[in-house]
J.: 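Before I ask anything, here is the structure I am working with.
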Amino acid sequence: QVQLVESGGGLVQAGGSLRLSCAASGRFNTYAMAWFRRAPGKERELVAAVSRNGGSTYYIDSVKGRFTISKDNTKNTVDLQMNSLKPEDTAVYYCAAKTTGAIASGVYRRQQDYYDWGRGTQVAVSS
């Protein structure tokens, strides 16, 4: 089983930045990765996803141009750089991994595609 540990959450003012990091165990270069979030009172949603080789990415519309996901197969980490943060970005952020031997550039968007999850890190953005 893959172990995922998130870090980097915290409290920031609107317009500020945070960088989340997820450290993974195992054969990291076989994992497609993603960041999800659950805001208070809402369902968990995909924020961004990256392919096994790190070359393909996907973002939901509300974070495009503000967030950047990056996968480092030498460090076994996937980061989420979050800029221009808004109060509506307040949520618990989760790292997720999907072991895949499929196309290295494939990006997965559904929660059910991911088998392994971290415990989450809290991000709070004040107005």
Side-chain angles (χ1 to χ4, degrees):
Q1 185 176 1
V2 179
Q3 293 190 342
L4 303 171
V5 179
E6 302 99 335
S7 62
L11 173 64
V12 64
Q13 288 188 332
S17 297
L18 281 174
R19 188 176 185 88
L20 305 183
S21 187
C22 174
S25 64
R27 298 175 60 193
F28 191 67
N29 62 354
T30 67
Y31 309 156
M33 303 292 295
W35 284 95
F36 289 79
R37 68 185 178 188
R38 178 182 281 129
K42 295 187 177 181
E43 297 291 322
R44 187 164 60 184
E45 65 172 351
L46 174 69
V47 176
V50 62
S51 60
R52 179 162 60 96
N53 64 4
S56 300
T57 57
Y58 172 82
Y59 300 92
I60 58 173
D61 287 344
S62 61
V63 307
K64 281 181 182 177
R66 300 189 298 123
F67 290 11
T68 302
I69 188 170
S70 58
K71 186 176 189 276
D72 189 333
N73 285 337
T74 65
K75 297 180 180 180
N76 282 22
T77 58
V78 59
D79 291 350
L80 185 69
Q81 177 66 43
M82 305 186 295
N83 298 328
S84 303
L85 282 161
K86 304 176 181 180
E88 51 264 43
D89 295 317
T90 295
V92 178
Y93 284 71
Y94 299 91
C95 176
K98 171 182 172 60
T99 304
T100 175
I103 299 172
S105 60
V107 176
Y108 301 88
R109 305 180 187 181
R110 304 179 307 168
Q111 293 192 49
Q112 55 264 45
D113 288 330
Y114 292 88
Y115 309 135
D116 298 287
W117 295 80
R119 293 189 173 185
T121 185
Q122 176 71 53
V123 171
V125 184
S126 63
S127 57

J.: Would you mind reporting whether Tyr59 and Leu46 have side-chain heavy atoms less than 4.5 Å apart?
T.: no
J.: Measuring from atom OG1 of Thr90 to atom CG of Leu85, what distance do you get when rounded to the nearest 0.5 angstrom?
T.: 8.5 Å
J.: Got Leu80 and Thr68 here, is their nearest side-chain heavy-atom distance under 4.5 Å?
T.: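 A side-chain contact is absent here, since even the closest heavy-atom pair is not under 4.5 Å.
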J.: Would you compute the distance between atom CG of Leu11 and atom CD of Gln122 and round it to the nearest 0.5 angstrom?
T.: 9.5 Å
J.: Please say whether the positively charged group of Arg37, taken as NZ for Lys or CZ for Arg, lies over the ring of Tyr94, i.e. under 6.0 angstrom from the six-membered ring centre and within 45 degrees of the axis.
T.: no
J.: Could you check if a side-chain atom of Tyr58 sits within less than 4.5 angstrom of a side-chain atom of Ile69, using non-hydrogen atoms only?
T.: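 No; the side chains remain at least 4.5 Å from each other.
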J.: For Phe36 and Trp117, take the angle between the two ring planes, folded into 0 to 90°, and tell me which bin it lands in: parallel under 30, tilted 30 to 60, perpendicular over 60.
T.: tilted
J.: Verify the neighbour count for atom CD of Glu88: are there more than 12 heavy atoms of other residues, nucleotides or ligands below 6.0 Å?
T.: yes
J.: Is the ring pair Phe67/Tyr93 parallel, tilted or perpendicular, if the boundaries are 30 and 60 degrees?
T.: tilted
J.: Quick one: does any side-chain atom of Gln111 pair with a main-chain N or O of Arg44 as donor and acceptor, under 3.5 Å?
T.: yes
J.: Thinking salt bridges, do Arg66 and Asp89 make one under a 4.0 Å N-O criterion?
T.: yes
J.: Would Tyr114 and Val5 show up in the same hydrophobic cluster when neighbours are defined by side-chain heavy atoms closer than 4.5 Å?
T.: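 Cluster IDs for Tyr114 and Val5 differ.
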J.: Tell me if a side-chain donor or acceptor on Lys71 pairs with a main-chain N or O of Tyr31 at a distance below 3.5 Å.
T.: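 Side chain of Lys71 to backbone of Tyr31: a pair is present.
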J.: Kindly check if the number of other-residue, nucleotide or ligand heavy atoms within 6.0 Å of CZ (Arg19) is above 12?
T.: yes
J.: The test is side-chain contact (heavy atoms from CB on, under 4.5 Å); show your working for Leu4 and Met33 and say whether it passes.
T.: CA-CA 11 Å; Leu4 303 171; Met33 303 292 295; 4.1 Å; yes
J.: Is it the case that more than 12 heavy atoms not belonging to Gln112 sit under 6.0 Å from its CD atom?
T.: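 Enclosed: over 12 neighbouring heavy atoms sit under 6.0 Å from CD of Gln112.
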J.: Checking Val125 against Gln13 for the side-chain contact (heavy atoms from CB on, under 4.5 Å) test, could you report, in this order, the C-alpha distance in whole Å, the side-chain angles of both residues, the deciding distance, and whether it holds?
T.: CA-CA 5 Å; Val125 184; Gln13 288 188 332; over 6 Å; no
J.: Between Ser105 and Asn53, is there a side-chain heavy-atom distance shorter than 4.5 Å?
T.: yes
J.: Between the main-chain N or O of Gly9 and the side-chain N or O of Thr121, is there a donor-acceptor pair closer than 3.5 Å?
T.: yes
J.: Is there a side-chain contact (heavy atoms from CB on, under 4.5 Å) between Thr77 and Asp79 once you walk through the steps?
T.: CA-CA 6 Å; Thr77 58; Asp79 291 350; 4.2 Å; yes
J.: For a quick test of reading the model, state the closest non-hydrogen atom pair linking Ser127 to Ala14 and the distance between them.
T.: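 Scanning both residues completely, I find the closest heavy atoms to be CA-CB, 4.3 Å.
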J.: Report yes or no: is the cationic atom of Lys75 (NZ for Lys, CZ for Arg) under 6.0 Å from the centre of the six-membered ring of Phe28, at an angle within 45° of the ring normal?
T.: no
J.: Are Trp35 and Cys22 packed together at the side-chain level, in the sense that at least one heavy-atom pair is separated by less than 4.5 angstrom?
T.: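 Yes, their side chains come closer than 4.5 Å.
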J.: Side chains of Ser17 and Gln81: closer than 4.5 Å at any heavy-atom pair?
T.: yes
J.: What I'd like to find out is whether the side chain of Val123 reaches to under 4.5 Å of the side chain of Met82, using heavy atoms alone.
T.: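 Val123 reaches Met82 side chain to side chain.
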J.: Shortest non-hydrogen contact from Ser51 to Ala104?
T.: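 In terms of heavy atoms, the two residues are closest at CB-O, 3.3 Å.
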J.: Salt-bridge test for Arg119 and Glu6: reply yes if a basic N is under 4.0 Å from a carboxylate O, no otherwise.
T.: no
J.: May I have the step-by-step check of side-chain contact (heavy atoms from CB on, under 4.5 Å) for Val50 and Val78, ending in yes or no?
T.: CA-CA 9 Å; Val50 62; Val78 59; 4.1 Å; yes
J.: Indicate the atoms forming the closest heavy-atom contact of Gly8 with Leu18, along with that distance.
T.: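 Looking at all heavy atoms of both residues, the closest pair is O-CD2, 3.8 Å.
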